[in-house]
Amino acid sequence: MASPAPVKKVLVPIAAGSEPVEASVPIDILRRAGADVTVASAGVDGLLVEALYGVKIVADALVADCADASYDLIILPGGIPGAENLGGCTALEGIVRRHAEKGGLYSAICAAPPVALAPWGLLDGHKATAYPSFVEKFPPEVTAVDANVVVDGKVVTSRGPATAMEFALALVEQLYGKEKVEQIAKPMLVRYEPGYTIRELNPVQWQCSGTPKVLIPLANANEEMEVIMIIDALRRAKADVVVASVEDKVEIVARYGMRIVTDMVLDDAADQEFDLIIVPGGMPGAKTLSGKEKLIALLKKQAEANKPYGAICAATAQVLEPHGLLKGKKATTYTSMVGLLADASECENRVLVDGNLITSRSPGTAMEYAVAIVEKLISREAAREVLQGLLFV
């Protein structure tokens, strides 16, 4: 009997100001592929790292403690000042240099190619891409390419948050081959075209006074990509986003192992008023949310007041449907959950709005969903600004 192939080991360093989408998507996707991913803090405050948009991630290890380990791939997320903080981390530079000298695969996205890899000399003689406003920071030794993802030998680079999925899948292909990419991308409904389309039924104007206040409840095993993309987009649009743990502590462990520190526990948010409540998917996180009486009471109160609420992926079928929150509404959900809906007639839509309800299908539709929420809750202009910032245009 042939021995099993060794598990691929991946290092994802993060620092204060790292772009959370660019970190979470590769972590999630590589773990789906079966890789052993270590999230390492390059900060000075231990394992807790505050990324952009107030997203707090607890790393698995410190970068300094990873110096003696060997990896099949190293991934540097972008974001400012995150990429600068990675570039200034001497311990990380040593790890990546030694890895490159051994012929290892390394990668970076957004500001990290010109701000971290290029100053280290690790892009010299290579073609690379980056966030458009940072391309001019490449030195003459680097050939800048206008593309979402550039693979040049053992170096892979990408442009920004909206290309993070394509970037992560390109890394899966490098480690595991195209067949593994198809296995991951197809059920997630991944598509590479920019932009989004809303299918809207019974259109109404969503109302909120002043800064929109949004509740995102979170349980262990909720899908991290869905959560972080929605938080990222809404906070870019200046919404007041409250992420509340339904567990007995503020730290939760998401579906693919990311440790996220929420703003509060749900008990502390239960008496507040919200302009919108969005329920994330991921199993068994969605089932946990469905069993939380205070959350269901908040959702029912929201629906009875004709105030906006929504869900993505498994949460539509596992949270909204069982509690009568889809009565008289059409919704969409994850492919394998369609049979649980009383009315599945509109389930082919990636983002569906029916009056004050907004639903979406999967992690692969999460960014479209997030921008659609911004459009409905705030304005089309705000959505356009978010699209541009994410490079989702």
Side-chain angles (χ1 to χ4, degrees), residues 21 24-25 28-29 32 161-162 164-166 168-169 181-202 216-218 221-234 254-256 276-287 289-290 299 308-322 325-326 329-377 383 387 390 392:
V21 169
S24 65
V25 173
D28 187 309
I29 294 295
R32 285 172 186 261
M165 187 79 73
E166 189 173 349
L169 291 170
V181 172
E182 286 298 313
Q183 290 174 2
I184 294 171
K186 187 174 180 180
M188 289 177 61
L189 304 178
V190 172
R191 71 174 187 183
Y192 302 115
E193 297 84 359
Y196 69 107
T197 301
I198 305 174
R199 163 72 164 153
E200 187 161 11
L201 309 172
N202 305 308
I216 301 177
L218 198 54
N222 275 135
E223 168 53 59
E224 47 261 77
M225 271 195 288
E226 294 168 2
V227 172
I228 288 176
M229 284 183 185
I230 294 167
I231 294 170
D232 189 306
L234 281 167
R255 177 69 179 84
Y256 288 94
L276 172 68
I277 301 174
I278 293 293
V279 187
M283 295 293 290
K287 281 192 174 181
L289 294 178
S290 186
L299 285 164
Y309 63 101
I312 183 171
C313 197
T316 306
Q318 292 287 349
V319 181
L320 301 188
E321 179 69 69
L325 289 158
L326 298 182
K329 300 282 190 181
K330 295 186 184 294
T332 189
T333 190
Y334 192 65
T335 305
S336 64
M337 299 282 172
V338 168
L340 298 179
L341 298 188
D343 184 346
S345 60
E346 293 284 348
C347 279
E348 76 279 3
N349 293 290
R350 295 173 70 85
V351 178
L352 181 65
V353 180
D354 187 352
N356 61 331
L357 173 70
I358 184 166
T359 54
S360 190
R361 296 186 67 185
S362 69
T365 68
M367 189 167 286
E368 298 161 60
Y369 184 54
V371 178
I373 291 169
V374 172
E375 178 177 327
K376 285 295 298 179
L377 186 65
L387 283 170
L390 293 169
F392 201 33

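From K376, atom NZ reaches atom CG of N356 across 9.5 Å, with rounding to the nearest 0.5 Å. In this structure, OG1 on T335 lies 12.0 Å from CE on M188, to the nearest 0.5 angstrom. Note that CD1 of I230 is 5.0 Å distant from CD1 of I373, once rounded to the nearest 0.5 Å. Atom CD in E200 sits 11.5 Å away from atom CG in N349 (nearest 0.5 Å). Between E226 atom CD and S362 atom OG the span is 7.0 Å, to the nearest 0.5 Å. Here D28 contributes atom CG and I184 contributes atom CD1; the two are 9.5 Å apart, rounded to the nearest 0.5 Å.
Counting only heavy atoms from C-beta outward, the side chains of V25 and M229 approach each other to under 4.5 Å. Annotation: side chain of I278 is not in contact with side chain of Y309 (no heavy-atom distance under 4.5 Å). At a threshold of 4.5 Å between non-hydrogen side-chain atoms, the residues Y196 and V351 do not count as touching. Between L201 and R199, the closest side-chain pair of non-hydrogen atoms falls below 4.5 Å. For the pair P161 and D232, the minimum side-chain heavy-atom distance is 4.5 Å or more. Side-chain contact between T332 and R350 is absent, with no heavy atoms from C-beta onward closer than 4.5 Å. Under the 4.5 Å side-chain criterion, counting only non-hydrogen atoms from C-beta, L218 is in contact with P280.
The backbone N or O of S290 sits nowhere less than 3.5 Å from a side-chain atom of Q318 that would complete a donor-acceptor pair. Using a distance-only test at 3.5 Å, with no hydrogens or angles considered, a donor-acceptor pair links the side chain of T333 to the main chain of C313. Looking only at distances, a side-chain donor or acceptor of Y369 sits under 3.5 Å from a matching main-chain atom of I358. Not one N or O on the side chain of E321 forms a donor-acceptor pair closer than 3.5 Å with the backbone of T316. No donor-acceptor pair under 3.5 Å is formed between the side chain of R255 and the backbone N or O of E224. In terms of modelled atom types and a separation under 3.5 Å, the side chain of K329 and the main chain of D354 share a donor-acceptor contact. Formation of a donor-acceptor pair under 3.5 Å by the Y334 side chain with backbone atoms of G281 is not found in this model.
Nearest heavy atoms, M165 versus P363: CE-O, 4.1 Å. In this structure, A331 and C347 approach most closely via the heavy-atom pair O-SG, 3.5 Å. Taking both residues in full, the closest heavy atoms of G282 and A314 are given as N-CB, 4.4 Å, listed atom of the first, atom of the second, then distance. Looking at every heavy atom in both residues, S360 comes nearest to T365 through OG-OG1, 2.7 Å. The minimum heavy-atom distance linking P217 with N222 is given by the pair O-OD1, 4.2 Å. Contact between S24 and I228 at its shortest, heavy atoms only, is CB-CD1, 3.6 Å.
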